[in-house]
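The block underneath contains the structure these notes are about, expressed in structure tokens.
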Amino acid sequence: MTRRVLLLSGPNLDRLGTRSPEIYGTATLAQHVERAHARAAAHGLEVRHLQSNFEGDLIEAVRDATDCIAVVINAGALTHTSWALADALATFDGVVIEVHLSNPAAREPYRHVSTLAGVADGSIAGFGELSYDLALEAVARLVTAEYDRPGA
Ligand code: DQA
């Protein structure tokens with residue numbers, strides 16, 4: 001059976017490549033997704049990706065992800081505001097990884113709050129395009145080995 005990972009990209013991430021390259025780098029979202037596909041494939045995993053600028057689309061994608069073993073989510077600024085997305089992720093039966101290209105903790109104070117961190121198994125932030133590699137690597141290791149995952 002194919003093990004799928006749902007990769008979610010929130011608002012404005014479709015502008016990566018030209019959006020604040022000094023913060024987010026010059027890689028496009030398509031390039032990040034391509035890396036995620038490659039990293040997942042190396043572990044026999046398949047990635048399904050959705051980008052949306054609408055909170056409800058992301059919530060519904062989480063609710064529909066019953067065929068996925070993990071959700072990797074860069075929710076963009078919804079990270080700092082969306083309790084509804086956090087509620088949806090809390091009901092997901094699998095690994096949840098929060099990912100960011102930049103390090104929100106080192107940026108403006110409003111980015112220091114994450115509504116998602118508390119419902120994620122873990123968060124990866126600040127490593128640029130390496131953040132996606134590390135997130136997929138974490139998923140692969142968590143689902144293929146017996147790790148003592150807090151709260152699991
Ligand atoms: C981001 C960080 C968020 O604060 C911001 O709103 C984004 C991108 C990141 O990947 O670093 O849109 O999630």
Side-chain angles (χ1 to χ4, degrees), residues 4-43 45-65 68-143 149-151:
R4 287 192 194 85
V5 178
L6 177 64
L7 175 61
L8 289 177
S9 303
N12 302 309
L13 296 180
D14 51 337
R15 297 252 167 102
L16 288 174
T18 52
R19 175 191 176 203
S20 306
E22 70 287 1
I23 296 173
Y24 301 118
T26 54
T28 62
L29 181 60
Q31 289 170 324
H32 290 298
V33 173
E34 195 47 51
R35 282 179 71 109
H37 276 295
R39 177 62 49 174
H43 293 286
L45 302 173
E46 200 175 81
V47 168
R48 180 163 79 227
H49 176 248
L50 171 80
Q51 188 279 329
S52 179
N53 295 318
F54 299 95
E55 186 176 14
D57 286 349
L58 299 169
I59 291 169
E60 290 195 349
V62 171
R63 287 162 46 161
D64 290 345
C68 295
I69 50 144
V71 174
V72 173
I73 181 163
N74 184 346
L78 289 174
T79 303
H80 317 301
T81 61
S82 181
W83 294 106
L85 191 50
D87 279 352
L89 287 165
T91 67
F92 176 74
D93 185 20
V95 171
V96 175
I97 309 239
E98 174 190 12
V99 60
H100 299 285
L101 294 162
S102 68
N103 180 2
R107 299 180 61 194
E108 302 94 323
Y110 73 88
R111 295 185 203 272
H112 297 180
V113 173
S114 169
T115 62
L116 310 185
V119 296
D121 290 278
S123 305
I124 294 168
F127 297 99
E129 60 187 337
L130 188 54
S131 290
Y132 285 92
D133 280 12
L134 295 173
L136 267 303
E137 199 61 39
V139 168
R141 295 201 189 192
L142 287 169
V143 301
R149 192 155 54 91

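Sequence positions, counted from 1, serve as the residue numbers for this chain. Remember, it's 1-based here, ligands and their atoms both numbered in the order they're listed.
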#### Entry: Considering all heavy atoms, the nearest Leu7-Val47 contact
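Between these two residues, the closest heavy atoms are CB-CG1, 3.8 Å.
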### Query
Below 4.5 Å, heavy atoms only, C-beta onward: do Gln51 and Asn53 meet side chain to side chain?
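Touching, per the 4.5 Å side-chain cut-off.
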### Task
Output, in order, the C-alpha distance, side-chain angles, deciding distance and verdict of side-chain contact (heavy atoms from CB on, under 4.5 Å) for Arg107 and Ile23.
CA-CA 10 Å; Arg107 299 180 61 194; Ile23 296 173; 3.6 Å; yes
When you check ligand 1 against the protein, what N or O pairs turn up below 3.5 Å? List the atom names and distances, or just say none.
from	atom 1	to	atom 2	distance (Å)
ligand 1	4 (O)	His80	NE2	2.7
ligand 1	4 (O)	Arg111	NH1	2.8
ligand 1	6 (O)	Ala77	N	3.1
ligand 1	6 (O)	Arg111	NH1	3.0
ligand 1	10 (O)	Asn74	ND2	2.9
ligand 1	10 (O)	Leu101	N	2.8
ligand 1	11 (O)	Leu101	N	3.3
ligand 1	11 (O)	Ser102	N	2.8
ligand 1	11 (O)	Ser102	OG	2.6
ligand 1	12 (O)	Arg19	NH1	3.1
ligand 1	12 (O)	Arg19	NH2	3.0
ligand 1	13 (O)	Asn74	OD1	2.7
ligand 1	13 (O)	His100	ND1	2.7

### Task
Given side-chain hydrogen bond (donor to acceptor under 3.5 Å, both in side chains), test Glu98 with Thr79 step by step and report yes or no.
CA-CA 9 Å; Glu98 174 190 12; Thr79 303; 4.7 Å; no
### Task
Take Glu129 and Gln31 through the test side-chain contact (heavy atoms from CB on, under 4.5 Å) and record every step on the way to the result.
CA-CA 9 Å; Glu129 60 187 337; Gln31 289 170 324; 5.9 Å; no
### Given His37, His100, His32, the one that forms ring-ring contact (aromatic ring centres under 6.0 Å, His included) with Tyr132
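Passing option: His32.
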